[in-house]
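Start at 1 with the first residue, then count along the sequence.
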Amino acid sequence: MHKVMVSACLMGRPVRYDGRAKTSEHPVLARWRAERRLVVFCPEVSGGLPVPRPPAEIAAGAGARAVLDGTAAIRTPDGADVTRYFTDGARAALAAAREHGVAVAVLKEGSPSCGLHRVYDGSFTGSTVPGPGVTARLLADAGIAVFTEDEIDAAAARLRALEERD
């Protein structure tokens, strides 16, 4: 049985930068929980960041690949470099995914870790740029199918397709 990694904040854990959760009540998540498929994970907390914490954004909208390659940083509004926490958390997420046989991930859109289609641009003005966060990028690069909280039905379809092939 394939496992599904899910952002901890989507499962009701108060791990976001503001100390809150972004709980999803999607019935598929409830079913996966009952089936014991879930690997609930917060890369930012696993990387060593506290809750609550200052918000952080990929500087100058450089992109996750540049952060992972060490050529861009993730910073807080006061300029503190928190890159290491994000990259350590992304690597911990990938290690957990491999350990548990994760084939699909459902991650919180917009986050510098978990965003898939968009992340904040580093200006702390609410503006976004297209592209993934560092954890989403690392998981996708490893062959894990990554979806947002708005794509849970598509994630379920991918999981069904994988299991039909097995």
Side-chain angles (χ1 to χ4, degrees), residues 3-24 26 29 38-152 155:
K3 299 286 182 137
V4 179
M5 181 169 279
V6 179
S7 292
C9 62
L10 296 175
M11 298 307 298
R13 295 190 185 165
V15 294
R16 287 175 45 88
Y17 76 94
D18 58 7
R20 300 184 359 213
K22 283 286 189 176
T23 307
S24 172
H26 199 290
L29 292 179
L38 296 183
V39 176
V40 180
F41 202 87
C42 176
E44 294 172 19
V45 170
S46 293
L49 289 169
V51 178
R53 58 188 170 272
E57 297 183 5
I58 298 174
R65 174 115 26 241
V67 172
L68 290 165
D69 291 345
T71 60
I74 299 176
R75 298 192 183 281
T76 64
D78 68 2
D81 185 337
V82 292
T83 308
R84 177 179 59 87
Y85 300 106
F86 284 84
T87 57
D88 286 355
R91 290 183 186 104
L94 179 57
R98 288 180 169 153
E99 176 184 343
H100 294 285
V102 168
V104 171
V106 176
L107 304 179
K108 179 70 186 101
E109 184 66 286
S111 158
S113 290
C114 296
L116 179 61
H117 302 299
R118 63 178 173 78
V119 294
Y120 292 97
D121 70 357
S123 68
F124 296 94
T125 62
S127 298
T128 61
V129 293
V134 292
T135 298
R137 170 85 283 145
L138 204 58
L139 293 177
D141 286 352
I144 295 168
V146 180
F147 299 88
T148 73
E149 71 273 22
D150 297 320
E151 301 170 330
I152 295 172

In terms of heavy-atom contacts, Pro77 and Pro54 come closest through CD-CB, 4.4 Å

Sequence neighbours excluded, the answer for side chain to side chain donor-acceptor pair (under 3.5 Å) partners of Thr83 is Asp81

Heavy-atom donor-acceptor pair, Glu44 side chain to Leu49 backbone, under 3.5 Å: no

d(Leu38 CG, Leu29 CG) to nearest 0.5 Å is 6.5 Å

**Asked** Under 4.5 Å between any side-chain heavy atoms of Val15 and Cys9, yes or no?
**Response** yes

Across all chains, not counting sequence neighbours, the side chain to side chain donor-acceptor pair (under 3.5 Å) partners of His117 are Glu151

Notebook entry, point to check: Between the main-chain N or O of Glu149 and the side-chain N or O of Glu109, is there a donor-acceptor pair closer than 3.5 Å?
Noted result: no

For Phe124 and Asp121 the tightest heavy-atom approach is N-OD1, 4.3 Å

Closest heavy-atom pair, Ala136 versus Cys114, reported as atoms and distance to 0.1 Å, is CB-O, 4.0 Å

Taken to the nearest 0.5 Å, the spacing of Ile58 CD1 from Phe86 CZ works out to 8.5 Å

Check your understanding: Taking Ser111 for the side chain and Ser113 for the main chain, is one N or O donor matched with an acceptor at less than 3.5 Å?
Key -> yes

Nearest heavy-atom approach of Leu139 to Leu94 is CD2-CA, 3.8 Å

In short, side chain to side chain donor-acceptor pair (under 3.5 Å) pairs touching residues 128-144 with sequence neighbours left out are Arg65-Asp141, Arg137-Asp141

| said: Taking the side chain as everything from C-beta on, heavy atoms only, tell me whether Val119 gets closer than 4.5 Å to Pro112. | reply: no

Problem set entry | Side chains of Leu116 and Leu107 in contact at under 4.5 Å (non-hydrogen atoms) | no

>> Under a 3.5 Å cutoff, is there a donor and acceptor pairing between the side chains of Thr71 and Asp69?
In response: no

| Student check: side-chain heavy atoms of Val146 and Pro132 closer than 4.5 Å | no

Looking only at heavy atoms, the pair that brings Gly126 and Tyr120 closest together is O-CE2, 3.7 Å

request  = Please check if the side chain of Ser7 supplies one atom and the backbone of Lys108 the other of a donor-acceptor pair under 3.5 Å.
outcome  = yes

- Output yes when a side-chain donor or acceptor of Arg98 lies under 3.5 Å from a complementary backbone atom of Ala95, and no otherwise. no

Lys22 NZ: over 12 foreign heavy atoms closer than 6.0 Å: no

Note: Ala155 and Phe147 closest approach over all heavy atoms is CB-CD1, 3.5 Å

